[in-house]
K.L.:
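Here it is, the structure in full.
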Amino acid sequence: AISNFVKREINEKLGVPSERITTIYPGVDSNFSPISQTEFNSAAITPPVEYKNYFIFVSTIEPRKNLGRLLEAYKQYIEVEGSSALPLVVIGLPGWNSADIHKELSLLAETGHVIYLGYVDSVQLRTLLAGARALLFPSLYEGFGLPVIEAMKSGTAVLTSKNSAMSEVSRGAAL
C-alpha cells in the first residue's frame, strides 16, 4: 500500500489481513528542492509571479480535490486583504465533473487574483512549487498526496486537509 491509510482501507473494506499488507511510500523526484530567488527569477515564469509571494494549488481539477471550497475561502481572503492579497496559481488539467469549478476559476482569473495554468511541464512545476509561499491542498481524499511531499521537499510550506493520508505523509510538518 502507498500509505498506512490505504493499508487500513484495504484491511477494513476488502478484508485483507493487515499482516499481508506492506506499506511502501512512493518516492519523490530528486529535482524537487528549494531554489534561490535568483534561480527563480532566471526561470522567466509566464505569467510572471514574484518569488515567495503567491500561493499554489497543484492537482487534477475534480470535486474530491476540494478546489471549489478553496476558491470560496480564497474569495474571503481577497475581501479581507484587498489589493495586498497574494495571487493563487492553480496548476492542473480538468478532471471529472469540473465544469462548475472551471467557471469559478475563469471568473477569478478575470480579477487577476487567480492564475490558472492548466498543465505545466516538470521544470515549471518544480520552479513554481519551490517559489510559492505555500501549497494549498485541501483535498477531501488522498491515498498518498504527492503534491504535499513535493512542496515540502521544495522548501514550501503546506496547508492541507487533516484527513485520509495527508496527516500521515506530512508527519506533522504541514498545517
Side-chain angles (χ1 to χ4, degrees), residues 2-3 5-6 9 26 28 32 34 40 45-122 124-175:
I2 61 173
S3 65
F5 170 77
V6 170
E9 283 201 325
V28 179
F32 289 99
F40 180 84
I45 299 296
T46 304
V49 287
E50 294 179 34
Y51 181 73
K52 298 297 180 186
N53 209 28
Y54 61 93
F55 298 118
I56 192 165
F57 171 88
V58 179
S59 183
T60 302
I61 312 299
E62 58 187 45
R64 78 177 173 93
K65 300 299 183 165
N66 211 14
L67 180 56
R69 172 81 47 92
L70 173 59
L71 295 176
E72 288 175 29
Y74 185 73
K75 286 190 287 189
Q76 291 177 14
Y77 165 72
I78 292 168
E79 287 177 21
V80 170
E81 294 297 319
S83 62
S84 63
L86 299 181
L88 172 62
V89 174
V90 176
I91 296 173
L93 291 172
W96 62 275
N97 200 18
S98 65
D100 290 342
I101 299 168
H102 277 88
K103 286 178 191 171
E104 190 66 31
L105 274 174
S106 294
L107 292 172
L108 284 166
E110 289 174 13
T111 70
H113 290 289
V114 170
I115 302 165
Y116 176 52
L117 299 179
Y119 171 82
V120 299
D121 65 31
S122 60
Q124 288 176 304
L125 177 60
R126 172 194 177 260
T127 302
L128 286 164
L129 264 177
R133 170 84 54 92
L135 169 73
L136 308 180
F137 195 71
S139 183
L140 298 172
Y141 180 89
E142 292 294 323
F144 185 73
L146 195 56
V148 169
I149 300 301
E150 291 169 340
M152 291 172 64
K153 192 162 186 252
S154 300
T156 299
V158 175
L159 283 76
T160 190
S161 303
K162 191 175 183 177
N163 65 12
S164 54
M166 273 84 69
S167 294
E168 175 187 344
V169 235
S170 66
R171 297 187 182 251
L175 295 175

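No hydrogens, no waters, no symmetry mates; every other heavy atom, side chains included, goes into these values.
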K.L.:
To the nearest 0.5 Å, what is the distance between CG on L88 and CG on L71?
P.N.:
6.5 Å

K.L.:
Test L86 against N53 for side chain to side chain contact (heavy atoms under 4.5 Å, CB included), laying out the working first.
P.N.:
CA-CA 6 Å; L86 299 181; N53 209 28; 2.8 Å; yes

K.L.:
Under the rule for side-chain contact (heavy atoms from CB on, under 4.5 Å), what residues qualify as partners of A130, not counting sequence neighbours?
P.N.:
I35, S154

K.L.:
Taking only distance into account, with no hydrogens and no angle test, what donor-acceptor pairs under 3.5 Å do side-chain atoms of residues 106-116 form with protein atoms, sequence neighbours excluded?
P.N.:
unit_1	atom_1	unit_2	atom_2	d
S106	OG	H102	O	3.1
T111	OG1	L108	O	2.6
T111	OG1	H113	N	3.3
Y116	OH	G92	O	2.7
Y116	OH	H102	NE2	3.1

K.L.:
Sort and list the pairs that fulfil ring-ring contact (aromatic ring centres under 6.0 Å, His included) and have at least one residue in residues 146-175, not counting sequence neighbours.
P.N.:
none

K.L.:
Who pairs with D121 by side-chain contact (heavy atoms from CB on, under 4.5 Å), at least two apart in sequence or on another chain?
P.N.:
Y119, V123, Q124

K.L.:
Just grab all the salt bridge (Lys or Arg N to Asp or Glu O under 4.0 Å) pairs involving residues 158-175, residues at least two apart or on different chains.
P.N.:
none

K.L.:
Please identify each residue that fulfils ring-ring contact (aromatic ring centres under 6.0 Å, His included) with Y74, with sequence neighbours left out.
P.N.:
Y77

K.L.:
With a 3.5 Å distance limit and no angle check, can you tell me whether N66 reaches the backbone of P138 through a side-chain donor-acceptor pair?
P.N.:
yes

K.L.:
State the CG-CG distance between L105 and D100, to the nearest 0.5 angstrom.
P.N.:
11.0 Å

K.L.:
Can you tell me how far the CD1 atom of I61 sits from the CG atom of N97, to the nearest 0.5 Å?
P.N.:
13.0 Å

K.L.:
What residue pairs, at least two apart or across chains, pass salt bridge (Lys or Arg N to Asp or Glu O under 4.0 Å) with a residue in residues 67-83?
P.N.:
K75-E104

K.L.:
Decide if the gap between the ring center of F137 and the ring center of F55 is smaller than 6.0 angstrom.
P.N.:
no

K.L.:
Keeping the roles fixed (side chain from S3, backbone from G143), state whether a donor-acceptor pair exists under 3.5 Å.
P.N.:
yes

K.L.:
Report yes if the side chains of I91 and L128 come closer than 4.5 Å at any heavy-atom pair, otherwise no.
P.N.:
yes

K.L.:
Checking S98 side chain against I101 main chain: does a donor-acceptor pair fall under 3.5 Å?
P.N.:
no

K.L.:
Quick one: ring-ring contact (aromatic ring centres under 6.0 Å, His included) partners of F32, sequence neighbours excluded?
P.N.:
none

K.L.:
ring-ring contact (aromatic ring centres under 6.0 Å, His included) with Y54: which residues, sequence neighbours excluded?
P.N.:
none

K.L.:
When rounded to the nearest 0.5 angstrom, what is the spacing between CZ in F5 and OG in S164?
P.N.:
5.0 Å

K.L.:
Would you say the side-chain atoms of K52 pair up with the backbone N or O of A132, donor to acceptor, closer than 3.5 Å?
P.N.:
yes

K.L.:
Roughly how far apart are L159 CG and S170 OG, rounded to 0.5 Å?
P.N.:
10.5 Å

K.L.:
Mind checking salt bridge (charged side-chain N to carboxylate O under 4.0 Å, His left out) for R133 and listing every partner two or more places apart, or none if nothing turns up?
P.N.:
none

K.L.:
Quick one: which residue pairs count as a salt bridge (Lys or Arg N to Asp or Glu O under 4.0 Å) with a foot in residues 144-154, not counting sequence neighbours?
P.N.:
none

K.L.:
Considering residues at least two apart in sequence or located in another chain, which fulfil the side-chain contact (heavy atoms from CB on, under 4.5 Å) criterion with N163?
P.N.:
S161, M166

K.L.:
Quick one: pull up CZ in F57 and CG in L135 and give me the separation to the nearest 0.5 Å.
P.N.:
8.5 Å

K.L.:
Out of L67, V58, I56, which residue meets the side-chain contact (heavy atoms from CB on, under 4.5 Å) rule with V90?
P.N.:
L67

